[in-house]
Number of protein chains: 2
Amino acid sequence: MVRKTKQRQAILTVIQNAAKPLSAREIYNMVKVQHPSIALTTIYRNLDLLTEQQVVSKLRVRDNEYSYILNAKEHRHYLVCLSCHKTVSVKKCPFDVFAAKVAADTGYEIVAHDFQLYGYCRNCR
Amino acid sequence: MVRKTKQRQAILTVIQNAAKPLSAREIYNMVKVQHPSIALTTIYRNLDLLTEQQVVSKLRVRDNEYSYILNAKEHRHYLVCLSCHKTVSVKKCPFDVFAAKVAADTGYEIVAHDFQLYGYCRNCR
DNA sequence: CAGAAAATGCAAGTCACTTGCATTTATTAT
DNA sequence: ATAATAAATGCAAGTGACTTGCATTTTCTG
């Protein structure tokens, strides 16, 4: 049973209002303005929960560096600028078709995929 | 100037003889048999170097969990069993065609991508 | 409104990886 | 070969993200 807590709502509000994907630390700092006593633990626990519930996506910005973004209605992938971290989403996931073929070839049941693009945005080029 | 050291060669040998991708810790444990005094630091430094040189690929098994695999001649992607970690490679990278379109749509210069499939192998299903 | 379960905050812990630095070792120029 | 020098190593300590245990607080349900 998942309860509606002030902390959880504050975290979600921050993510909803963000112009870009935020790291756990950034979310922590922003939520702290309204909830000075909130613990980092709470941020992590809620981000895990929200990710499980598919409310947000945990996005890998680079090795061991993740940020969170509100989920679009449909499955999305992201293109992250290596310089300024500006992120845009890619409309269509090209892999659903591909996945079926790989499954047939390998005998694996494919249940998930990661796909992430990296580059430089117009400004940073 | 990159030198040929015993440690570096031992690390590479371990990776070459491995039947599956190995984590830094696994490599450390295996190299230690021949080089008991080797430091974990050395493993990490060499894995970074070998990755830069594109001798090996750093493969993300899951969040914050990486393993290393000898590079094939060509660009590859991998399909990892979530249960037993058995890994197979996917022959063709489906992304090259897709990339040009995304670049045109977004104005980004795309320099890298991650693509990883997850599932269950025949045995684990 | 009471009781039970869920969530929080705090402190301490873990784990992978990094850094600084003195020492060793591989290459090179002699 | 040998000495000079630059790279690589090993060790110890540090970092940073995230986790865990536990007592306390809060939400929800009956």
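Hydrogens, waters and symmetry mates are skipped; everything else that's a heavy atom, side chains included, is used. Letters A, B, ... are given to chains in the order of the sequence lines, protein chains preceding strands, and every chain is numbered from 1. Since the model is a prediction, treat every value here as computed from it, not as a measurement.
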Can you tell if the side chain of [X] reaches within under 4.5 Å of the side chain of [Y], non-hydrogen atoms only?
X      : Y      : value
R25(A) : I43(A) : no
L12(A) : N46(A) : no
V2(A)  : Q53(A) : yes
L49(B) : R8(B)  : yes
E26(B) : K20(B) : yes

How many Å lie between [atom1] on [X] and [atom2] on [N], as a whole number?
X      : N       : atom1 : atom2 : result
K4(B)  : dT25(C) : NZ    : C1'   : 15 Å
R8(A)  : dT26(D) : CZ    : P     : 15 Å
Y28(A) : dG16(D) : OH    : P     : 15 Å
Q7(B)  : dC11(D) : CD    : P     : 11 Å
N64(B) : dC17(C) : CG    : P     : 8 Å
L40(B) : dA8(D)  : CG    : P     : 19 Å

Which of these nucleotides, [options], is closest to any side-chain atom of [X]?
X     : options                  : answer
R3(A) : dA5(C), dC17(C), dT25(C) : dA5(C)
T5(B) : dT9(D), dC18(D), dA7(C)  : dT9(D)
M1(A) : dA6(C), dT9(D), dA7(C)   : dA6(C)

- Test side-chain contact (heavy atoms from CB on, under 4.5 Å), reference L22(B), set I69(B), V14(B), I11(B), output is V14(B)
- Message: Quick check on contacts: within residues 30-39 of chain B, what sits under 4.0 Å from DNA chain D by heavy-atom distance?
- Response: S37(B), I38(B), A39(B)
Please enumerate all protein N or O atoms sitting under 3.5 Å from an N or O of nucleotides 12-15 of chain C, with distances to 0.1 Å.
none

- If Ile, Leu, Val, Met, Phe, Trp and Tyr residues are connected whenever their side-chain heavy atoms lie under 4.5 Å apart, and connections chain through other members, are Y68(A) and L59(A) in the same group? no
- Are Y66(B) and Y44(B) grouped together when hydrophobic residues (ILVMFWY) are joined by side-chain heavy atoms under 4.5 angstrom apart? no
- Gap between atom CD of Q34(B) and atom OG1 of T13(B) - 0.5 Å precision: 9.5 Å
- To the nearest 0.5 Å, atom NZ of K101(A) lies from atom OG1 of T106(A) at 10.0 Å
- Task: Give me the residues of residues 42-57 of chain A where at least one heavy atom lies under 4.0 Å from an atom of DNA chain C, by number, or none.
- Result: T42(A), R45(A), N46(A)
- Message: Surrounding CD of Q9(A) (heavy atoms of other residues, nucleotides or ligands, distance under 6.0 Å), is the total greater than 12?
- Response: yes
- Query: Starting at the 5' end of DNA chain D, which residue's closest nucleotide do you reach first, K58(A) or V2(A)?
  - Reply: K58(A)
